[in-house]
Undergrad: 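Quick one: structure below, then a few questions.
Residue numbers count from 1 along this sequence.
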Amino acid sequence: MKLKRIALAALSATLVLGLTACGTSQNTTPSQSGSTSGQKMTLRLADIQPADYPTVVGDNEFAKLVKERTNGRITISVYPNAQLGDEKTAIEQLQLGAIDFGRINASPLASFDKQLNVFNLPYLFSSSDQMWKVLNGPIGDQMLAGLKDSKMIGLTYYDSGARNFYNSKKPVVHPQDLAGLKIRVQQSDMFIDLVKTLGGSPTPMAYGEVYSALQTGVIDGAENNWPSYYSTNHYKVAKYLTLDEHSRTPEILLASQSTWNKLSADDQKIVLQAAKDSQAVQRKAWTDLENKAIQAAKDNGNVVTKVDITEWQKAAQPLYDKYGKDYTSIIDQIRATK
């Protein structure tokens, strides 16, 4: 019996050590302060997009810069294609410290940090340039800092473009031109209300059904960013695109607070700066993909209509009265940024 108890104790210790090894890989023992200064580390970064997608291009640039700036001491392995789970799963793993970094859209993160809901409001930004002034300035820093309460560290923003309306019937220049058009939207109260407010007929529908629905006339149009308009071939069956840029919800590169707290102060600075520096590469990759989509639409003879954004912003004001009441201060700060 005594031998059996000793054997069981040894087995339990082995299991605990095995579970510990499943987390962050470190090659040396942590210092007394709990930081990892001077240690070799292998960390994991999760992304749901394909390996050649602009966000993953940014992830890889971030990993490359960290490795270079730590002389190979910190290695970040990027896992694209949702290998580590969908975005909700990745968020949960970040909070637990089971993974070290993640690239997550601001929309699902709003469930964990309420102030990020402001990014879901339509026509929040007047242009791409204005958005980046906001995101890379004090307001953007304030939004990232809020994630700390949810055990995540916001490092930087990545581009996910702007969503536009497109349809198979006619050019849409003014909000009232959407009247009578059946527009596919996400299963989102705000997006449904947006199309209603602008005069269209919102039609929630699974994303994979949109192409055939456009082709057969079940719906007249939809809305999405340029790369999605192109990659799904929607541009072939909905030739009228309106550059209203109603939604610009950024991507966010995050660290697990658990991992962050294990880094030395110097390593934290390196990681943060590498994240910020990777943004330029990610944004260029996004712009290149957008330009490819734009060229495909031009070659297809599509009609692309530029609009007066202020007219659409005014038309969407009722949504701010309904959904923006809790964010008036942030909205005012964003609108005041020129």
Undergrad: Does this structure show an ion pair linking K133 with D129, if we count only N-O contacts that are shorter than 4.0 Å?
TA: no
Undergrad: Check L43, L94, I153 against T259 for a side chain to side chain contact (heavy atoms under 4.5 Å, CB included) and give me the one that passes.
TA: L43
Undergrad: So which atom in Q187 and which in P204 form the shortest heavy-atom distance, rounded to 0.1 Å?
TA: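 Looks like OE1-CB, 3.3 Å.
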Undergrad: For W286 and E290, which I'm curious about, is there any donor-acceptor pair between the side chains at under 3.5 Å?
TA: yes
Undergrad: Assess the residue pair L84 and T89 against the criterion (side chain to side chain contact (heavy atoms under 4.5 Å, CB included)); give the C-alpha distance rounded to whole Å, side-chain angles, the decisive distance to 0.1 Å, and a yes or no.
TA: CA-CA 8 Å; L84 301 182; T89 301; over 6 Å; no
Undergrad: For the residue pair A275 and L155, what are the closest heavy atoms and their distance?
TA: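 Shortest heavy-atom separation between A275 and L155 comes out as CB-CB, 3.7 Å.
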Undergrad: Side chains of R69 and I74, heavy atoms from C-beta outward: is any pair under 4.5 Å?
TA: no
Undergrad: Rounded to the nearest 0.5 Å, how far does CD1 of I91 lie from CD1 of I104?
TA: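 Rounded to the nearest 0.5 Å, the CD1-CD1 separation comes out at 5.0 Å.
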Undergrad: If you take all heavy atoms of A315 and T197, which pair is closest and at what distance?
TA: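 A315 and T197 have their closest heavy atoms at O-CG2, 3.2 Å.
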Undergrad: Relative to each other, are the rings of Y166 and H234 parallel, tilted or perpendicular (30° and 60° limits)?
TA: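 Answer is tilted, since the angle falls between 30° and 60°.
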Undergrad: If we ignore hydrogens and angles and just use 3.5 Å, is the side chain of Q130 paired with the main-chain N or O of T337 as donor and acceptor?
TA: yes
Undergrad: Using side-chain contact (heavy atoms from CB on, under 4.5 Å) as the criterion, list what pairs up with K196, not counting sequence neighbours.
TA: I192, D193, P202
Undergrad: Heavy atoms only: give me the nearest I48-G85 pair and the separation to one decimal.
TA: CG2-O, 3.8 Å
Undergrad: Which word best sums up how the rings of Y123 and W312 line up, parallel for under 30°, tilted for 30 to 60°, or perpendicular for over 60°?
TA: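 Y123 vs W312 ring planes: tilted.
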Undergrad: Does NZ belonging to K170 count more than 12 external heavy atoms closer than 6.0 Å?
TA: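 It does: K170 NZ has more than 12 such atoms within range.
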Undergrad: I'd like to check F62 versus V281 (side-chain heavy atoms, cut-off strictly below 4.5 Å). Are they in contact?
TA: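 A side-chain contact under 4.5 Å is absent here.
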Undergrad: Taking atom types as modelled and ignoring hydrogens, do the side chains of Q295 and N291 form a donor-acceptor contact shorter than 3.5 angstrom?
TA: no
Undergrad: List the residues meeting salt bridge (charged side-chain N to carboxylate O under 4.0 Å, His left out) with R103, not counting sequence neighbours, and say none if there are none.
TA: D47, E87, E251
Undergrad: Between I309 and S126, which heavy-atom pair has the shortest distance, and what is it?
TA: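 Shortest heavy-atom contact: CG1-O, 4.4 Å.
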Undergrad: Which pair of heavy atoms, one from Y158 and one from Q279, lies closest together, and at what distance?
TA: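 For Y158 versus Q279, the nearest heavy atoms are CE2-CA, 3.9 Å.
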Undergrad: Quick one: does L214's side chain get under 4.5 Å of I219's, heavy atoms only?
TA: yes
